[in-house]
Amino acid sequence: MAKIGYPFTLGVASGEPTSGGVIIWTRLAPDPVGLDPGRPGGMPAETVPVRWQVAEDERFTKIVATGTAQARQAWAHSVHVKVDGLRPAADYHYRFSVPAAFGGATSPAGRTRTAPARESGDPVRFAVASCQRYEHGHFSALGHIADERPDVIFHVGDYIYEGGKPADPAPGRYIRPLESPERTCRTLHDYRNRYARYRTDAALRAAHAAAPWAPIWDDHEVRDNYAGARPGDGSDPEAFLRRRTAAYQAYYEHFPLRVRPVGTGLHMYRWRPYGRVADFLILDARQYREPGDMLGRAQEEWLVGRLEGSTARWKVLVQPMFFARRQFPDGSLSTDAWDAFPAQRARVLSAVDGGLVVLSGDVHNNWACDLADDAGRPVGVEFVGTAITSAPPGTDNAAILAANPHIRFHDGHRGYMSGTAGPDGLELAYRVVDFVDRPGSPVRTVALFGVEGDRLKRLDV
């Protein structure tokens, strides 16, 4: 047993809130991007007991739960603690420490919040982020999310990007260096170090410490444009499945999730109820994808059943892909969005009788869309969030708006979405930063929307 360097370099996090509990997380990593795959995070092979505390106050004078978790090398010395017995709709504070024999360090404290009781009509404040490519800029937008201290933060994919440094980076697309040796992630060690590099960003650590997260992945957590167990580039499927398995394990090791990977998979679709106000249905659009099927049969049946049985005011799909129809100026549709799965999208829309809200990401621009079923009946709206940093594509957005009258708004800044859902209404603000090439950008609201009659309503900012 030997003392280690300061182990809480990656910060703390909480997530998956219920009305009675949360998951709290940390990972011991005194050398977060160390080159030795046999010592992830610079840790020895020893199992380390990690003490945790949850309190009602920031000074930890009213501790309500405490215990010891074992940080094991097999999971990169990550710690996932299930904390139960908490009050609904309440703020809590948590922290971790290691014994004196390992250095005696204490982590920063985090703030978390439980979901409301099932019968509650209290509003829920949420934020939505996606597409945070480290080398494309600074995560100032995440720092502003932390300042807002929402009840819950949804991340809808591309938390990391798996690619290495390009031989000739485009201007404005290589602001910050990746971890050495700046290569494409293919092994468990590669993915672990990529997550660790991202977590060295203070704004990202602050966002994790400010509120509980409920994340879902897209493609870059594994490989660009992969689908199910297929790599998407014609390469060896067995080698890709090994790579995907490693990527899924690293994802689990860096998030406060309730479930571990099993075999080659990790169950990610789930229901997060917030009283009578909102049923948040978090969808996995990658792991089960097949030609003509984005979700897989089991997930679709689960989703349709949840939508048909929901009594919440708002049925909220939290997922990565552009959901509404979006025709490009040349008449084409995206092959990597719900436009490639129109029959499945129609079945989802037919399962709701109004009150549908879709929260999406992926496309590095802000969009807002009205949604209707095949009969033209309004059933809800979609809010598509821009990137935290990832560079936007070159697209004729004015022509897209002209060709798609149900798409009511576009904005090309980077930033995030901030919303409030209540029993009498839902409002969502598009919050944007003006620059990402250096830290410290202020944030502003570029547009504010409500929902009226299952259609978008533009509100004054």
Side-chain angles (χ1 to χ4, degrees), residues 4-15 23-35 37 39-43 50 71 75-81 94-96 98 105-112 127 129-146 153 155 157-163 175-180 182 185 188-217 220-222 246-257 387-390 416 436 439:
I4 56 179
Y6 181 72
F8 299 110
T9 57
L10 307 183
V12 299
S14 70
I23 305 297
I24 59 174
W25 170 96
T26 193
R27 179 191 162 201
L28 309 183
D31 182 14
V33 293
L35 296 177
R39 293 173 57 90
M43 287 291 293
V50 178
W75 300 102
H77 290 94
S78 61
V79 172
H80 301 72
V81 178
Y94 61 96
R95 64 187 178 187
F96 302 88
V98 295
T106 298
S107 75
R111 171 255 181 187
T112 193
S130 66
C131 303
Q132 51 192 46
R133 193 162 189 160
Y134 184 89
E135 64 269 32
H136 280 191
H138 295 269
F139 296 161
S140 301
L142 290 168
H144 292 298
I145 292 178
I153 297 170
H155 198 288
D158 293 345
Y159 183 96
I160 64 164
Y161 281 72
E162 83 291 359
I175 307 300
R176 300 193 288 178
L178 296 168
E179 74 285 352
S180 179
E182 299 193 283
C185 297
L188 179 57
H189 176 66
D190 292 338
Y191 285 107
R192 284 169 167 169
N193 276 12
R194 185 60 50 87
Y195 280 100
R197 166 55 80 202
Y198 277 52
R199 288 289 181 87
T200 62
D201 185 282
L204 179 53
R205 294 198 307 276
H208 276 292
W213 285 47
I216 192 63
W217 51 37
H220 285 288
E221 287 87 354
V222 180
Y248 284 5
Q249 177 171 337
Y251 188 94
Y252 166 77
E253 291 171 348
H254 291 86
F255 281 99
L257 300 178
I388 294 293
T389 57
S390 303
Y416 59 97
V436 298

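Not measured: the values here are computed from a predicted model.
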> Given Glu253, which of Arg192, His80, Arg27 fulfils the side-chain hydrogen bond (donor to acceptor under 3.5 Å, both in side chains) condition?
Replying inline: Arg192
>> salt bridge (Lys or Arg N to Asp or Glu O under 4.0 Å), that's the test. Do Asp31 and Arg39 meet it? Break it down for me.
In response: CA-CA 9 Å; Asp31 182 14; Arg39 293 173 57 90; over 6 Å; no
State, with a plain yes or no, whether a side-chain heavy atom of [X] is found less than 4.5 Å away from one of [Y].
| X | Y | result |
| --- | --- | --- |
| Leu142 | Gln132 | yes |
| Ile24 | Phe96 | yes |
| Ile4 | Met43 | yes |
| Arg199 | Leu204 | yes |
| Trp25 | Ser14 | no |
| Phe255 | Pro215 | yes |
| Ile388 | Cys131 | no |
| Leu10 | Thr26 | no |

When you measure from the side chain of [X] to the backbone N and O of [Y], does any donor-acceptor pair fall under 3.5 Å?
| X | Y | value |
| --- | --- | --- |
| Arg133 | Tyr161 | no |
| Thr200 | Arg197 | yes |
| Tyr94 | Arg111 | no |

> Is Arg194 paired with Glu179 through a side-chain N to carboxylate O contact shorter than 4.0 Å?
Replying inline: yes
> How close do Tyr134 and Phe139 get, heavy atom to heavy atom, and via which atoms?
Replying inline: CA-CZ, 3.8 Å
>> Restricting to non-hydrogen atoms, name the atom on Thr106 and the atom on Arg95 that form the minimum distance, rounded to 0.1 Å.
In response: CG2-CD, 4.2 Å
